Amino acid sequence: MPEGVIAVDTPYQPFDPWTYRDEAGVNGADLIGYKVEATDGGIGKIDRCSTEVNSSYLVVDTGPWIFGKKVMLPAGLVNHVDHDDRKVYVDRSKSEIKSAPEFDEQTYTEPVYRDKLGSYYGEPR
């Protein structure tokens, strides 16, 4: 298909940062303990996850590479899951994740925090 042409039978789905992509292969699985791979290498393990409709996310314990910080990744960043290797692949680099708004245990469920995080990560790459 020529560049810039969208197939007529493929409906456009706007990016929703808080919903797993159908092709990601999450399928309601418990991802706690899975390793997370950014586009340029590992970033840590999943400490907490949600599969709530329109409110899904991963909380990743990054370990020592950014001083043990936890980060929250909206579900829409998940590119695919390898259940055999227990790895989740996301569409962002380590530096993008490191520079994201800090995970806040007290406010992570509030709309203001989620809007800020969703805006930071923007559209999939």
Side-chain angles (χ1 to χ4, degrees):
M1 183 172 301
E3 187 176 329
V5 175
I6 298 174
V8 175
D9 62 345
T10 306
Y12 172 72
Q13 296 293 323
F15 178 63
D16 177 359
W18 304 106
T19 300
Y20 291 105
R21 297 180 225 166
D22 291 339
E23 67 273 13
V26 174
N27 302 328
D30 180 4
L31 302 176
I32 294 174
Y34 279 43
K35 293 180 181 176
V36 179
E37 295 286 324
T39 57
D40 56 352
I43 62 165
K45 283 189 172 184
I46 297 173
D47 186 55
R48 180 184 312 177
C49 68
S50 167
T51 55
E52 279 183 57
V53 175
N54 300 321
S55 189
S56 300
Y57 62 86
L58 305 173
V59 175
V60 181
D61 184 344
T62 61
W65 78 271
I66 53 175
F67 310 110
K69 172 178 159 177
K70 288 186 181 182
V71 294
M72 184 169 166
L73 303 178
L77 301 184
V78 175
N79 179 290
H80 70 280
V81 178
D82 182 334
H83 293 286
D84 293 333
D85 285 342
R86 295 180 50 84
K87 288 186 178 179
V88 173
Y89 293 83
V90 297
D91 289 339
R92 295 297 184 274
S93 69
K94 288 180 175 184
S95 64
E96 287 175 285
I97 293 168
K98 182 179 179 178
S99 298
E102 190 158 344
F103 175 67
D104 185 340
E105 185 76 41
Q106 305 303 314
T107 63
Y108 78 98
T109 60
E110 294 179 10
V112 172
Y113 175 79
R114 286 174 174 257
D115 288 347
K116 181 178 174 182
L117 196 61
S119 293
Y120 172 80
Y121 284 114
E123 293 288 321
R125 296 188 175 98

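Worth saying up front: this structure is predicted, and the values here are computed from it rather than measured.
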Margin query: Please verify the inter-ring angle class for Tyr108 with Tyr57; under 30° counts as parallel, over 60° as perpendicular, anything in between as tilted.
Written below: perpendicular
Checklist line | Flag if over 12 foreign heavy atoms under 6.0 Å of CG, Asp85 | finding: yes
Notebook entry, point to check: Taking side chain as C-beta onward, heavy atoms only, is Pro17 less than 4.5 Å from Tyr121?
Noted result: no
Item checked: Straight-line distance of Tyr120 OH to Met72 CE, nearest 0.5 Å -> 15.0 Å
Notebook entry, point to check: Between CD of Glu23 and NE2 of His80, what distance do you get to the nearest 0.5 Å?
Noted result: 11.5 Å
Margin query: To the closest 0.5 Å, what do you measure between CG (Leu73) and CG (Leu58)?
Written below: 5.5 Å
Next item on the list: Hey, could you give me the CD1/CG distance between Ile97 and Leu77, rounded to the nearest 0.5 Å?
Entry: 7.5 Å
Checklist line | Given Lys87, Lys45, His83, the one that forms side-chain hydrogen bond (donor to acceptor under 3.5 Å, both in side chains) with Tyr34 | finding: His83
Check: Where is the tightest heavy-atom contact between Ser55 and Ser50, given as atom of each residue plus distance?
Finding: O-OG, 3.5 Å
Next item on the list: Considering non-hydrogen atoms only, spot the tightest contact between Ser93 and Thr39 and give its length.
Entry: CA-OG1, 3.4 Å
Notebook entry, point to check: Do Val59 and Tyr89 share a hydrophobic cluster, counting only Ile, Leu, Val, Met, Phe, Trp and Tyr and linking them when any side-chain heavy atoms are less than 4.5 Å apart?
Noted result: no
Check: Under 3.5 Å, is there a donor-acceptor pair between the side chain of Asp82 and the main chain of Asp84?
Finding: yes
Note to self: Ignoring hydrogens, what is the shortest heavy-atom contact between Phe103 and Lys70? Give both atom names and the distance.
What the structure shows: CB-O, 3.2 Å
Item checked: SB check Arg21 Asp91 (cutoff 4.0 Å) -> yes
Check: Do you know which two heavy atoms are closest between Tyr20 and Ser56, and how far apart they sit?
Finding: CE1-CB, 3.4 Å
Notebook entry, point to check: Do other residues, nucleotides or ligands put more than 12 heavy atoms under 6.0 Å from Glu105 CD?
Noted result: yes
Item checked: Val112 side chain reached by Thr107 side chain, heavy atoms, under 4.5 Å -> no
Check: Rounded to the nearest 0.5 Å, what separation is found between the CG atom of Asp47 and the CG atom of Leu31?
Finding: 13.0 Å
Next item on the list: Could you pull out the closest heavy-atom pair between Trp18 and Gly118, with the gap in Å?
Entry: CZ2-N, 4.1 Å
Notebook entry, point to check: Which pair of heavy atoms, one from Ile32 and one from Cys49, lies closest together, and at what distance?
Noted result: CG1-SG, 4.1 Å
Check: How many angstroms lie between atom CD of Glu37 and atom NZ of Lys94, to the nearest 0.5 angstrom?
Finding: 8.5 Å
